[in-house]
Amino acid sequence: MSAIANDTAAVERRLWNEIENHQIGMLGVVGGAPHHLQPMTAFAEPDASRLWFFTRDDTDLVREIGDGHSAMFVFQQRDFRACVAGRLTVRHDRARMDKYWNAVVAAWYPDGKDDPHLTLLCMECADAQVWVSEAGPMRFAWEIAKANATGHQPDLGGRTEVRFH
C-alpha cells in the first residue's frame, strides 16, 4: 500500500489540491429518478469542505436537487481518483459568483452574471473515498508481471476514506 494512503491528512490535502488545480469532474445526485453524472467544473473551499458549481436554474439537475439532495462528485487524474459524497443544494450567491467568475465560466453563460437563470450549486462534502497510485509505468509493469507470476494482487497504491469536519 502507498505510504500516502496511510496518511489521511495528506490524502485530504492532496484531494483539495487536485480539485483546485484540475477542477473538472462528474457530478450527480444519488437515488431518486435514474440520472447520469455530468461533467462540471468545481470551485473548492477546503476550509469549509465545500464545492461550488455554476449552472442554470432550469436544468434537470436543479429540478432533481429540489431543496437538497445527496450527491457524488467523481474526480480522476492519472494517479489519483476520488468519489466525494455530500449534500447538494441550489444557492443564489452573488458574492461567490463574483469570486469564481472567469473566462471559461463566461463562455458557457453569454448573458453574464446577470443571466436570470444563472445559479450555483453548493456541495457540503461529508466524506470521500480516494485511491492514490504512486506507480509510474515501470512500477506498473513490474507489479503486473509480479502479480501474474506469484498469484498475488499488484501493489500499486491504496485507498483512503476521508471524513470532512
Within the side chain of T119, is there an N or O that forms a donor-acceptor pair under 3.5 Å with the backbone of T55? no
Hey, does the side chain of Q129 reach the backbone of E161 with a donor-acceptor pair shorter than 3.5 angstrom? no
In one Ile/Leu/Val/Met/Phe/Trp/Tyr side-chain cluster, 4.5 Å: [X], [Y]:
X	Y	value
F53	V90	yes
L118	M123	no
W16	F43	no
F75	L27	yes
W131	F164	no

To the nearest 0.5 angstrom, please state how far the [atom1] atom of [X] sits from the [atom2] atom of [Y].
X	Y	atom1	atom2	answer
H92	M97	NE2	CE	7.5 Å
L15	S49	CG	OG	9.5 Å
L88	E64	CG	CD	10.5 Å
L120	D93	CG	CG	6.5 Å
D7	R13	CG	CZ	6.0 Å
T89	I65	OG1	CD1	8.0 Å

Side chain to side chain contact (heavy atoms under 4.5 Å, CB included) partners of H117, counting only residues at least two apart: R56, D57, D58, D115
Going through the checks in order, is the side chain to side chain contact (heavy atoms under 4.5 Å, CB included) test met by R81 and E18? CA-CA 10 Å; R81 292 152 189 87; E18 292 284 347; over 6 Å; no
Please report the shortest heavy-atom distance between A42 and I19, naming the atom on each side. CB-CG2, 4.0 Å
Considering all heavy atoms, the nearest M72-C83 contact: SD-SG, 3.4 Å
How far apart are the C-alpha atoms of D114 and R94, what are their side-chain angles, what is the distance that settles it, and do they pass the salt bridge (charged side-chain N to carboxylate O under 4.0 Å, His left out) test? CA-CA 10 Å; D114 294 323; R94 183 59 186 238; 3.2 Å; yes
For the pair Y109 and W101, name the ring-plane relationship: parallel under 30°, tilted 30 to 60°, perpendicular over 60°. tilted
R91/E124 under salt bridge (charged side-chain N to carboxylate O under 4.0 Å, His left out): CA gap, chis, key distance, verdict: CA-CA 12 Å; R91 302 230 188 127; E124 300 282 346; 3.0 Å; yes
List for me each residue that meets side chain to side chain donor-acceptor pair (under 3.5 Å) alongside D47, sequence neighbours excluded, and say none if there are none. none
Please examine the side chains of E12 and T160, heavy atoms only from C-beta on, and report whether any two atoms are closer than 4.5 Å. no
Short N-O contact, D79 and R14, less than 4.0 angstrom: yes
Before you tell me yes or no, could you show the steps for Y100 and T41 under side chain to side chain contact (heavy atoms under 4.5 Å, CB included), namely the whole-Å CA-CA distance, both residues' side-chain angles and the distance that decides it to 0.1 Å? CA-CA 11 Å; Y100 296 125; T41 301; over 6 Å; no
Is there a side chain to side chain contact (heavy atoms under 4.5 Å, CB included) between F73 and L51 once you walk through the steps? CA-CA 9 Å; F73 180 66; L51 296 173; 3.7 Å; yes
Apply side chain to side chain contact (heavy atoms under 4.5 Å, CB included) to the pair V130 and V84, showing each step before the final yes or no. CA-CA 8 Å; V130 179; V84 181; over 6 Å; no
